Amino acid sequence: MRIAAALAALLLLTTACAAPEPAGSASPEASPAAGPVRGVVTEHQRQFLGIPYAAKPVRWQAPQPAEPWTETRDATKPGSLCPQEGTEYAKTSSTNEDCLFLNVTAPNTGEDKPVLVWIHGDGVVGGGSMFDPAALVRTGDVVVVTVNYRLGVFGAFGYPGLTGSGTFGLQDQQAALRWVRDNIEAFGGDPGNVTLFGESYGAQSVSAHLLAPASAGLFHKAVMQSPMTLLDMPAGALMPGLEAGPWLAWRSTEEVTGVGTAMAAQFGCADPATAVDCLRALPPEQLFPLMRVFQAVAYGNEVLPDAPDAGYEQGKFHQVPVLLGMTRDEHRAFVGLFYELAGQPVTAEQYPQLLRAAFGDKAEQIAAEYPLSRFPSPGVAWADVLTDRLWASGTDRLANLISARNPLYTYEFADREAPSYLPFPDTFPTGAYHAAEVPYLFRDAGFEQDSTPPQKELSEKMIRYWTGFARTGVPAGDGLPEWPRRATQTLAPGPDGIRPADFARDHRLDFWATLR
């Protein structure tokens, strides 16, 4: 339970195309196969919010198609967020299970545009409407779809005999991708050129779709920003005293259903014959204490048959171009929030103890490779150890497996002065922390206010790289530095900020390889 709590701090018919528009004009209406919608038009884009891509879901059942409509549907406001309880960093809340909506943002004119489908992260909070794709659409001339899907216990609950255990949120995303395939042409998008992209838990979902048999053909390129796909969890890695685990963000179906049995009993639903119906009868808010217990995606089932390491090692992933990367200082977010902010800062005395608890008899070698004298504080030292051991090693392993079969481009976001939107202590240098790059793609008012001109320029270049990749499968654009395949590209502000990185050297991958 504490693992998930830590992770949460950091989501049929032939398409009827809209009638061609005169140059320079835009219609607030579109006519997808599902039914006509009326959205909002601005100078650069048309936006259609709160479109149902599936019917109101039955709790812990696979999503079903939404009923088509004939009267023009208002699409000027987002649909309800999926059930969630606000946190100290995201004051969102909802108890409405009728939440399977998506949002389409498209250029004012044109057709056959590349389509990007965003799967948000943030664990057990958030929704598609919380990300503004205006800069992506304006700069890249693409269509962007953002998606709500069931979160936490509503998306990943499991119980013995319950079909789909641990995968309901993943199935929601598949339903959204099918909707895009069948409807996006009406918004000017090309259903044959869809890029699935996400960050953190969203990237975890993308990595699952690369393995999921039913996701085949629903997208044609993939972007994974800081995925946890092949990350294990040493003791104390996420927060003080947390025990070790084999995976940071996966669970076997057997484990998920076992936890479900135990949790059902605690809620007075112990009878296996009636337990699921008993839990379904509870109001959503009564299940909120379980949100973080059921957060990891389950494998070993019909939706996701293989364990992630086995699936990638055996080449059982879809053959599409992939853009994969991480931030330079991933784990400072976790140490900053769950050690420093929590009032348990890492001390010089604790540092060797943490290394010993996490790495056993290899602790002294690691301490010699990462001596406190090299770092501004013991907390930063501990964070950098885990950035290299977990994130860099896991990302490099995933990159090597994918590149054996698929075109692959890798990056490292390295703006160590990136604006911070999390409540880090002022005394803790956050660097290029986990999720720091997201506002550079989804530019909100906070980024516009807090970023410097060089950071805004980096944002523009990143957007052009991402949308160029969506268009052709290669992150490239006029005037952008070349990005060779399988050569890690550093993304940072300044005239020399975009350049090849020596990823293995910077993260001491050779050293960590000797400790395996």
Side-chain angles (χ1 to χ4, degrees), residues 203 207 224-238 244 246-248 308-310 312-313 315 322-335 346 351-352 354-406 408-414 416 431-434 483-492 496-516:
S207 72
M224 293 184 280
Q225 302 171 210
S226 303
M228 307 168 189
T229 309
L230 298 182
L231 274 63
D232 62 344
M233 191 180 59
L238 294 185
W247 295 110
L248 195 150
D309 54 346
Y312 280 100
E313 286 172 357
V322 174
L323 178 62
L324 166 67
M326 58 175 276
T327 66
R328 180 66 179 83
D329 306 297
E330 289 276 3
H331 215 76
R332 293 199 196 181
F334 298 92
V335 174
V346 179
Y351 181 60
L354 289 169
L355 293 176
R356 193 173 305 110
F359 305 111
D361 59 7
K362 301 178 178 64
E364 289 188 7
Q365 292 174 260
I366 297 169
E369 187 73 16
Y370 294 81
L372 288 179
S373 59
R374 291 185 185 172
F375 300 95
S377 72
V380 171
W382 177 232
D384 283 13
V385 165
L386 294 169
T387 291
D388 294 353
R389 165 60 177 78
L390 298 186
W391 296 94
S393 298
T395 300
D396 185 67
R397 181 186 174 197
L398 181 60
N400 288 330
L401 293 171
I402 291 175
S403 65
R405 297 178 74 244
N406 294 17
L408 176 72
Y409 297 88
T410 56
Y411 74 88
E412 181 171 75
F413 177 82
R416 286 181 148 166
Y433 61 95
H434 183 72
W483 190 329
R485 184 186 293 188
R486 194 56 187 97
T488 300
Q489 191 90 313
T490 294
L491 302 175
D496 299 317
I498 297 178
R499 63 189 187 281
D502 191 337
F503 190 79
R505 181 202 63 196
D506 293 345
H507 293 285
R508 299 176 172 86
L509 296 187
D510 290 343
F511 166 76
W512 288 106
T514 66
L515 301 187
R516 293 289 184 180

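Since the structure is predicted, the reported quantities are computational estimates derived from the model, not experimental observations.
- Taking each heavy atom of Asp309 and Leu230 in turn, the nearest pair found is CA-CD2, 3.8 Å.
- Residues Ser207 and Tyr312 approach most closely at O-OH, 2.7 Å, considering heavy atoms.
- The closest donor-acceptor contact from the side chain of Glu330 to the backbone of Thr327 lies under 3.5 Å.
- Nearest heavy atoms, Gly379 versus Val335: O-CG1, 3.6 Å.
- At least one donor-acceptor pair under 3.5 Å links the side chain of His331 to the backbone N or O of Ala237.
- Separating the CH2 atom in Trp483 from the CG atom in Leu491 is a distance of 5.0 Å, to the nearest 0.5 Å.
- Once rounded to the nearest 0.5 Å, the distance linking OG1 of Thr490 with CG of Asp496 reads 11.5 Å.
- Annotation: side-chain hydrogen bond (donor to acceptor under 3.5 Å, both in side chains) contacts of Thr395 (sequence neighbours excluded): none.
- Between Arg397 and Glu313, at least one side-chain nitrogen of the basic residue sits less than 4.0 Å from a carboxylate oxygen of the acidic one, meeting the salt-bridge criterion.
- Taking the ring centroids of His507 and Trp512, they lie at or beyond the 6.0 Å cut-off.
- Checking side-chain atoms of Arg374 against main-chain N and O of Pro371 turns up no donor-acceptor pair under 3.5 Å.
- The nearest pair of heavy atoms linking Ser226 to Trp391 is O-CZ3, 3.7 Å.
- Contact check for Leu372 versus Pro378: side-chain heavy atoms found under the 4.5 Å cut-off.
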How far apart are the C-alpha atoms of Val385 and Phe359, what are their side-chain angles, what is the distance that settles it, and do they pass the side chain to side chain contact (heavy atoms under 4.5 Å, CB included) test?
-> CA-CA 11 Å; Val385 165; Phe359 305 111; 3.9 Å; yes

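- A donor-acceptor pair is defined here as one N or O able to donate and one able to accept, closer than 3.5 Å; no such pair exists between the side chain of Tyr370 and the backbone of Gln365.
- Side-chain contact check for Tyr409 versus Arg485: some heavy-atom pair is nearer than 4.5 Å.
- Summarising the local packing, CG of Asp502 is surrounded by more than 12 heavy atoms from other residues, nucleotides or ligands at distances under 6.0 Å.
- Thr410 and Gln489 share no side-chain donor-acceptor pair at under 3.5 Å.
- Scanning all heavy atoms of the two residues, the minimum distance from Leu390 to Leu231 falls at O-CG, 3.6 Å.
- Salt bridge Asp384/Arg508: absent, no basic N to carboxylate O contact under 4.0 Å.
- Ring-centre distance between Trp382 and Phe334: not below the 6.0 Å cut-off.
- Taking 4.0 Å as the cut-off between side-chain N and carboxylate O, Arg486 and Asp396 count as a salt-bridged pair.
- Distance check: Leu324 CG to Gln225 CD gives 10.0 Å after rounding to the nearest 0.5 Å.
- The shortest side-chain heavy-atom distance between Met326 and Pro227 does not fall under the 4.5 Å cut-off.
- Distance check: Ile366 CD1 to Tyr351 OH gives 8.0 Å after rounding to the nearest 0.5 Å.
- Between Leu509 and Phe503, some side-chain heavy-atom pair lies under the 4.5 Å cut-off.
- When all heavy atoms are compared, the tightest approach of Ala414 to Ala492 is O-CB, 3.9 Å.
- For Asp329, the salt bridge (Lys or Arg N to Asp or Glu O under 4.0 Å) partners two or more places apart in sequence, or in a different chain, are Arg332, Arg416.
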Show your working on side chain to side chain contact (heavy atoms under 4.5 Å, CB included) between Leu398 and Met224 and close with a plain yes or no.
-> CA-CA 11 Å; Leu398 181 60; Met224 293 184 280; 4.2 Å; yes

